[in-house]
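Report on the following structure.
Nothing fancy with the numbering, it's 1 onward along the sequence.
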Amino acid sequence: MAVTLLGDVQEQMQKFWSPKFTKQLRAKHLLAELVNKEYEGEIKNGGDTVYVSQINAPTGQNLTIDTTGGASTFTSEKVSTSRVAVVADKRAVASYDFEDLVSIQSLIDKDDPEVLRSLMFAMKNQMNDYLYSLVNPSTSAPDHLRNSITDFNKSELLANRLLAAQAKWTKEKGWWALLDPSYYNDVLSDTTMTSGDYVDDKAVVGGQVASKRFGFNILEDDSRSVDTGLLFCPDFMIMVQQPQVQIKISDLHPLGQFGYKMSVDLIYGAPGETMSQWQTSVEAALA
């Protein structure tokens, strides 16, 4: 009966917790929410490979029409695609130990348990830190890594806008800026960037209304240290992940222990190489 009960509790957790957990994880994890997550294939196990494809633009032709019927024929080209393989080789995990199943069962009946928020926070930090570790702005001319900026004001944002335009960042998915609380305060204190004559707030990500300034959707990212920011277009990084968080509950008795272990995990992956020309990073020189 205990085994059946354990299975019942795990089934309920997977059914009711997982969709809610995954929704909150995406909503509060800004970088993962914004980067490119369009892929072909399915992720069931760690190490699965999926693919990201895009159709390459054809060369095309510029023809001249003349009185003899010139430019009436053209040469077609075969469709060419670029296909990038992405391995889901990362697993974000968070877990708790419980004395009995009653404690776990009671969590199902709570609307927003503290345990859920704590596990979500732990997983978010793991994934967030990993994605930020892949950020690698180009340092060749023009240099997209900008240092020693203590006040992220209008002039600094315009300097980044110029870099983005010169690098021909694609605009289909918008340009984004994730700023730490200090830099975000700088934006809020700049009259030009807060006046209703200049501001057009539209996008909502993770419960935040993005501030639209000079082509960038600006969001506050409190996971970053003082005076740091990342400005990018979403295609600068590819991320793949399972559609739902996996929840597992195990009896610790085979290990000579009383109680139960509950873990939540999510398999995901991102290529080690990013499109450096589609990102800029700003930071102050810290002691």
Side-chain angles (χ1 to χ4, degrees), residues 23-37 117 120-138 143-165 167 169-171 173-237 239 274 276 278-287:
K23 181 179 180 180
Q24 291 192 27
L25 181 67
R26 289 173 176 168
K28 295 181 181 297
H29 189 188
L30 295 177
L31 185 55
E33 177 69 11
L34 292 170
V35 298
N36 189 342
K37 296 186 294 297
R117 289 195 297 269
M120 180 188 69
F121 181 78
M123 291 185 63
K124 164 194 161 184
N125 276 352
Q126 295 174 55
M127 299 174 67
N128 197 56
D129 289 346
Y130 177 70
L131 292 182
Y132 266 105
S133 73
L134 299 179
V135 172
N136 183 32
S138 172
D143 192 345
H144 284 223
L145 179 61
R146 309 184 62 233
N147 296 312
S148 302
I149 298 172
T150 56
D151 184 5
F152 195 73
N153 52 31
K154 176 188 70 173
S155 297
E156 296 299 341
L157 185 59
L158 284 173
N160 282 276
R161 194 216 68 80
L162 180 59
L163 283 173
W169 288 14
T170 178
K171 295 182 179 180
K173 299 177 182 178
W175 294 355
W176 297 85
L178 300 183
L179 305 180
D180 85 285
S182 177
Y183 274 170
Y184 194 75
N185 263 11
D186 292 340
V187 170
L188 296 179
S189 64
D190 191 314
T191 304
T192 303
M193 293 197 286
T194 55
S195 170
D197 294 332
Y198 299 93
V199 177
D200 182 16
D201 290 338
K202 291 183 178 180
V204 178
V205 180
Q208 291 190 60
V209 178
S211 300
K212 192 72 174 287
R213 311 287 194 273
F214 308 130
F216 285 98
N217 297 291
I218 303 176
L219 294 165
E220 183 177 27
D221 187 352
D222 60 9
S223 72
R224 299 298 90 195
S225 58
V226 176
D227 288 346
T228 58
L230 174 65
L231 296 89
F232 60 92
C233 73
D235 286 339
F236 95 97
M237 182 182 292
M239 177 187 175
T274 59
S276 58
W278 284 353
Q279 57 180 305
T280 66
S281 181
V282 292
E283 59 183 290
L286 302 178

(message) Is the shortest side-chain heavy-atom distance between Asp221 and Thr228 below 4.5 Å?
(response) no
(message) To the nearest 0.5 Å, what is the distance between CZ on Phe216 and SG on Cys233?
(response) 9.5 Å
(request) Find the distance between CG (Asn147) and CD1 (Ile149) and round it off to the nearest 0.5 Å. (result) 7.5 Å
(message) Ignoring hydrogens, what is the shortest heavy-atom contact between Glu220 and Leu30? Give both atom names and the distance.
(response) O-CD1, 3.3 Å
(message) If you compare all heavy atoms of Gly229 against all heavy atoms of Leu179, which two are closest, and at what distance to 0.1 Å?
(response) CA-CD2, 4.0 Å
(message) Tell me every residue that passes side-chain hydrogen bond (donor to acceptor under 3.5 Å, both in side chains) with Lys173, counting only those two or more places apart in sequence or in another chain.
(response) Asp235
(request) Determine whether Leu31 and Phe232 make a side-chain contact, defined as any pair of heavy atoms from C-beta on separated by less than 4.5 Å. (result) yes
(request) With sequence neighbours left out, write down each residue that passes side-chain contact (heavy atoms from CB on, under 4.5 Å) with Ser155, or none if nothing qualifies. (result) Asn153
(message) Classify the ring geometry of His144 against Trp169: parallel below 30°, tilted from 30° to 60°, perpendicular beyond 60°.
(response) tilted
(message) Is there a side-chain contact between Phe152 and Asp180 in this structure, where contact means two heavy atoms from C-beta onward sitting under 4.5 Å apart?
(response) no
(request) Give the minimum heavy-atom separation between Pro234 and Gly174, together with the two atoms involved. (result) CD-O, 3.3 Å
(message) Determine whether Tyr183 and Ile218 satisfy the following criterion, side-chain contact (heavy atoms from CB on, under 4.5 Å), listing intermediate values before the conclusion.
(response) CA-CA 11 Å; Tyr183 274 170; Ile218 303 176; over 6 Å; no
(request) Enter the distance from Leu178:CG to Glu33:CD here, rounded to the nearest 0.5 Å. (result) 11.5 Å
(request) Write down the atom of Val35, the atom of Met239, and the distance for their closest heavy-atom approach. (result) CG2-CB, 3.7 Å
(request) Identify whether the distance between the nearest side-chain nitrogen and carboxylate oxygen of Lys124 and Asp129 falls below 4.0 Å. (result) no
(request) Please name all residues satisfying side-chain contact (heavy atoms from CB on, under 4.5 Å) with Ala165, sequence neighbours left out, ordered by chain then number. (result) Arg161, Trp175
(request) Indicate yes or no: at least one non-hydrogen side-chain atom of Met237 is less than 4.5 angstrom from one of Leu34. (result) no
(request) Could you check Tyr132 against Leu230 for side-chain contact (heavy atoms from CB on, under 4.5 Å), going step by step and ending with a plain yes or no? (result) CA-CA 9 Å; Tyr132 266 105; Leu230 174 65; 3.9 Å; yes
(request) Not counting sequence neighbours, which residues clear side-chain contact (heavy atoms from CB on, under 4.5 Å) with Leu162? List them please. (result) Gln166
(request) Flag the pair Leu163 / Arg146 as yes when at least one side-chain heavy-atom distance between them is below 4.5 Å, and no otherwise. (result) yes
